[in-house]
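Inspection log for the structure reproduced underneath, given as structure tokens.
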Amino acid sequence: MLRNSLLFVVVLFFCACNNNAKHYVIGVSQCSEDIWRDKLNDELRMGAYSFDNAELRFVSAGDNDQKQIDQIDQFISDGIDLLIVSPNQVATITPAIDRAFDKGIPVIVFDRKTSSQKYTAYIGADNKLMGQEMGDYVARCLGGRGNVVEIMGLKGSSPAIERHTGFVEALSRYPGIRLLGSLQGDWTEQSGQKAMDDFLKQQSVKPSEIDFVFGQNDRMAVGASKTLKQQGGQQARFCGIDALPTAGGGIECVRDGILEASYIYPTHGDEVMQLAMNILEGKPYEKENPLKAALVTKENARVLLMQHEESERQSGYLNKLHTQANTYLKQLGYQRLLTLSAAGIVALLLLMGLLTYLYMRQKTRISRERNQMARQQLDFYTQASHELRTPLTLIEGPLAQLAATSDMQNASEKATEMLDIVQRNTKQLAAVVNKILDVQVDKDWKADSGAHNGAAEGLENSGAAIESTETQPTADNNGQKAYSVLIVDDNDDIRVYLRTILQDRYTLYEAADGQQGLETARKEVPDLIVSDVMMPVMNGLEFCQRVKDDFVTSHIPVILLTARSLNQHQVEGYRSGADAYITKPFQPDLLLARIDNLLRSRMMLKNLFATVLVKPAEPAAEPAGNTQAAAVPAATESFNPQQEHEFITRFRQQVEQNMSDSDLNVEAIGQEMGLSRVQLYRKVKALTGMSPVELIRKTRLAKARELLQTTDKTVSEIAYEVGFSAPSYFTKCFKDEYGVLPGDMKG
């Protein structure tokens, strides 16, 4: 209940934070009112739906410069946060825009430009480019020869100036095109009619002499077409700019043949709105933002109208959703009042919950302190155990070794009696130490310790049995020591003692802590590791875990040799990846037997892995759904056969992928696998009993044998394919491996 109440308070808090979000007022100053600007305003409103903290205020100047100036000054006086403005004319409106900018109000100039650089961003189409595109289109339609009339928009407005400039530049590239006149309009259809009527009356030009009329917007082009056709100019063609998809707009006029073409003059009010919010919220934005436009002809007019109809349908649906959302928000307001009314009750419940929480926290704290004291007690006795059992190991073990020497066998009776007294009292001292330490800990820990003592005794007896019935493999055929052991212990005397036990059987490496041990293990890759647990820098548990997780050393068995005797300590050791756990003090024979047993287990796995590596794959013989199960040896202790099988598989893949390369060597394979030459050699040797060079040769010969039995290739072809530089050497190696010549395999 307390958790739910706190969650409820958090929700109310965030709701309150949302209500306090920054609210922005954006003023939109339109130079006139027409269907193009109506569409832009609608898109601005749609774009504002994505921003709950934005308010739009629209004004229109109706093509009146002074009115637009007054409206902009009023916006400045109202303290709006951002101004979006389409200047009626370049020169007259610029000072008012500059005043807004100088007041620190961000200014977005859209559609039309200003003569000043005092604006935050501009967004709109390239009017000069539009004029050029329409000029080129008219010239192409006329085949580069004919008479053209242009009807310009409102005098002094940037679109009229730029479209005229682009149109004239385009026509200048066609000597056969004659521009009869650039008439003045004001963007309305009526101005297009009047301009054409005045032109025909004032100029000595017959309607039949006009081949093409370019209106700087569609409405003026339609007006001019009505006048010209009424006076006999039936052959003339017309084009404009805007290409609005609305009823009676430019796209419908193109579809119905009233206009030859139009040019989309994009509105993109949603992009204007997004640009405004990026500026207000301090997000990245560009100062110049050109909008893309496109030519509309009879070929694409129908498709564009269909797209517009779908867009209108989606827009209507969005408006409906927005209306519903407003209704839901009002309902949410009523619900919020009810919620606040219930807040008092919730506060009382929270108070009760808080009192309960404080009580439970106090109870938990007391329990935690008790557990901490218990852990500290355990740590103390664990440390004491380490400090006592380590010296006992260094007394009991050497005494046992001393008793077994020939000098003591031939010693006097008095010396023998004295040695017996020392050994007997050492054992009594060890028993007393164990009893004292075990009594001090909790009953559960004593039970675990007792169980462990029994298990350790059984292991000791088992180790003795193993030692008595097996022969330790200590040297290869050349008399060299076949295995290496890494000793990791911070106690110098323990390392000396272990050295006396192991040096006659194994090549030894030593390290004083886990960090040094890890570095030595990666460098030397020994066959087995004997490590203490309680060490500085890096303890034995972490060291063991790092060894088992490392790709280079994961196969190495680890024996933890420690004074930590509780059962839970053993669990920690085995969870860290240890293969064996021997407590101090210990008998040398037990350690030797355990090492012998682990090395023999690894020796059996070598044969299995060597078989897996060189045996050709036989997919059909493997069980369905478990393609590798048959090839992977069984797990032994903490040894991870799947992990080592993946290593062997990677090695084999490297050999097979580069088998035809006669220069393939251990260094190249090691580099691909992320190992040094020594690391790769010792890892492969430890897992398979063979060197990498031997395995490469055996793999090549196994592949050659498969090819000899399954293909018609010659012996020489197969020799080169599997990487032998000479067929004669291949034949010798094949005979040594399989006892027959390669040619006999094909027969």
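As a basis for the values below, the full set of heavy atoms in this structure was taken, side chains included, without hydrogen atoms, waters or symmetry mates.
- Checking side-chain atoms of E43 against main-chain N and O of H268 turns up a donor-acceptor pair under 3.5 Å.
- If you take OH on Y49 and CE on M273, they are separated by 11.5 Å, rounding to the nearest 0.5 Å.
- Ion pairing of R173 with D136 is present here, as a side-chain N (NZ or NE/NH1/NH2) and a carboxylate O approach within less than 4.0 Å.
- A salt bridge links E369 and R365; the closest N-O separation between the charged side-chain nitrogens and carboxylate oxygens is under 4.0 Å.
- Under the 4.0 Å criterion applied to side-chain N and carboxylate O atoms, D42 and R45 are assigned as salt-bridge partners.
- A donor-acceptor contact under 3.5 angstrom links the side chains of N41 and Q30, judged on distance only.
- Side-chain atoms of Q234 come within 3.5 Å of backbone N or O of K229 as a donor-acceptor pair.
- In this structure, E33 does not pair ionically with R37, as no charged nitrogen and carboxylate oxygen lie closer than 4.0 Å.
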### Message
Show, in sequence, the C-alpha distance, side-chain angles and deciding distance for M277 and N53, and conclude whether the side chain to side chain contact (heavy atoms under 4.5 Å, CB included) test is met.
### Response
CA-CA 10 Å; M277 293 307 296; N53 58 336; 3.9 Å; yes
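- Separating the OG atom in S225 from the CD atom in Q230 is a distance of 9.0 Å, to the nearest 0.5 Å.
- Proximity of a side-chain donor or acceptor of Q89 to a complementary backbone N or O of K155 within less than 3.5 Å is detected.
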### Message
I'd like to know whether Q231 forms a side chain to side chain donor-acceptor pair (under 3.5 Å) with D197, so could you lay out the CA-CA distance, the side-chain angles of the two residues, the decisive distance to 0.1 Å, and finally the verdict.
### Response
CA-CA 9 Å; Q231 299 188 30; D197 186 55; 3.1 Å; yes
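- Here the side chains of P245 and Q307 are not in contact, with every heavy-atom distance at 4.5 Å or above.
- Once rounded to the nearest 0.5 Å, the distance linking CD1 of I35 with OG1 of T267 reads 11.5 Å.
- S157 approaches N88 most closely through the heavy-atom pair CB-O, 3.5 Å.
- The backbone N or O of G233 lies less than 3.5 Å from no partner atom in the side chain of E209, so there is not a single donor-acceptor pair.
- No hydrogens or angles considered: a donor-acceptor pair under 3.5 Å links the side chains of S115 and T94.
- Formation of a donor-acceptor pair under 3.5 Å by the D211 side chain with backbone atoms of N147 is found in this model.
- Side chain of Q184 to backbone of S191: no donor-acceptor contact under 3.5 angstrom is found.
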### Task
Start with the C-alpha gap between E150 and L171, add the side-chain angles, then the distance that decides, and say whether side chain to side chain contact (heavy atoms under 4.5 Å, CB included) holds.
CA-CA 11 Å; E150 177 191 22; L171 293 185; over 6 Å; no
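- Under a cut-off of 6.0 angstrom, the local environment of CD in Q203 is crowded, with over 12 non-hydrogen atoms contributed by other residues, nucleotides or ligands.
- Within the cation-pi definition used here (under 6.0 Å to the ring centroid, within 45° of the axis), K287 qualifies as a partner of Y119.
- Under the side chain to side chain contact (heavy atoms under 4.5 Å, CB included) test applied with Q68, the options S32, S29, S60 reduce to a single match, S29.
- The structure places CD1 of I279 at 5.5 Å from OG1 of T120, a figure rounded to the nearest 0.5 Å.
- Using a distance-only test at 3.5 Å, with no hydrogens or angles considered, a donor-acceptor pair links the side chain of D550 to the main chain of V552.
- Formation of a donor-acceptor pair under 3.5 Å by the Q216 side chain with backbone atoms of A160 is found in this model.
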### Task
Report the C-alpha distance between E309 and R313 in whole Å, list the side-chain angles of each, state the deciding distance to 0.1 Å, and finish with yes or no for salt bridge (charged side-chain N to carboxylate O under 4.0 Å, His left out).
CA-CA 6 Å; E309 290 173 0; R313 188 179 69 82; over 6 Å; no
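- Judged by the 6.0 Å distance and 45° axis criteria, R163 is not positioned over the aromatic ring of Y263.
- A donor and an acceptor atom, one from each side chain of Q74 and D78, are located under 3.5 Å apart.
- Classified by interplanar angle (parallel below 30°, tilted 30° to 60°, perpendicular above 60°), the ring pair Y265/W36 is parallel.
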### Derivation of the salt bridge (charged side-chain N to carboxylate O under 4.0 Å, His left out) call for E169 and K128
CA-CA 9 Å; E169 286 182 2; K128 182 179 179 181; 3.5 Å; yes
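- More than 12 heavy atoms of other residues, nucleotides or ligands lie within 6.0 Å of CG in L358, so this atom counts as buried by the packing criterion.
- Annotation: the span from K113 atom NZ to N127 atom CG amounts to 7.5 Å, rounded to 0.5 Å.
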### Query
Stepwise, does the side chain to side chain contact (heavy atoms under 4.5 Å, CB included) test hold for L259 with D218?
CA-CA 8 Å; L259 297 179; D218 295 331; 3.8 Å; yes
### Message
Between L82 and Y24, is the side chain to side chain contact (heavy atoms under 4.5 Å, CB included) condition met? List the steps.
### Response
CA-CA 8 Å; L82 183 140; Y24 299 109; over 6 Å; no
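- Of the possible polar contacts, none joining the N300 side chain to the V296 backbone as a donor-acceptor pair under 3.5 Å is found.
- Separating the CG atom in L275 from the OH atom in Y122 is a distance of 12.0 Å, to the nearest 0.5 Å.
- Within a 6.0 Å radius of CD in Q671, no more than 12 heavy atoms belonging to other residues, nucleotides or ligands are found.
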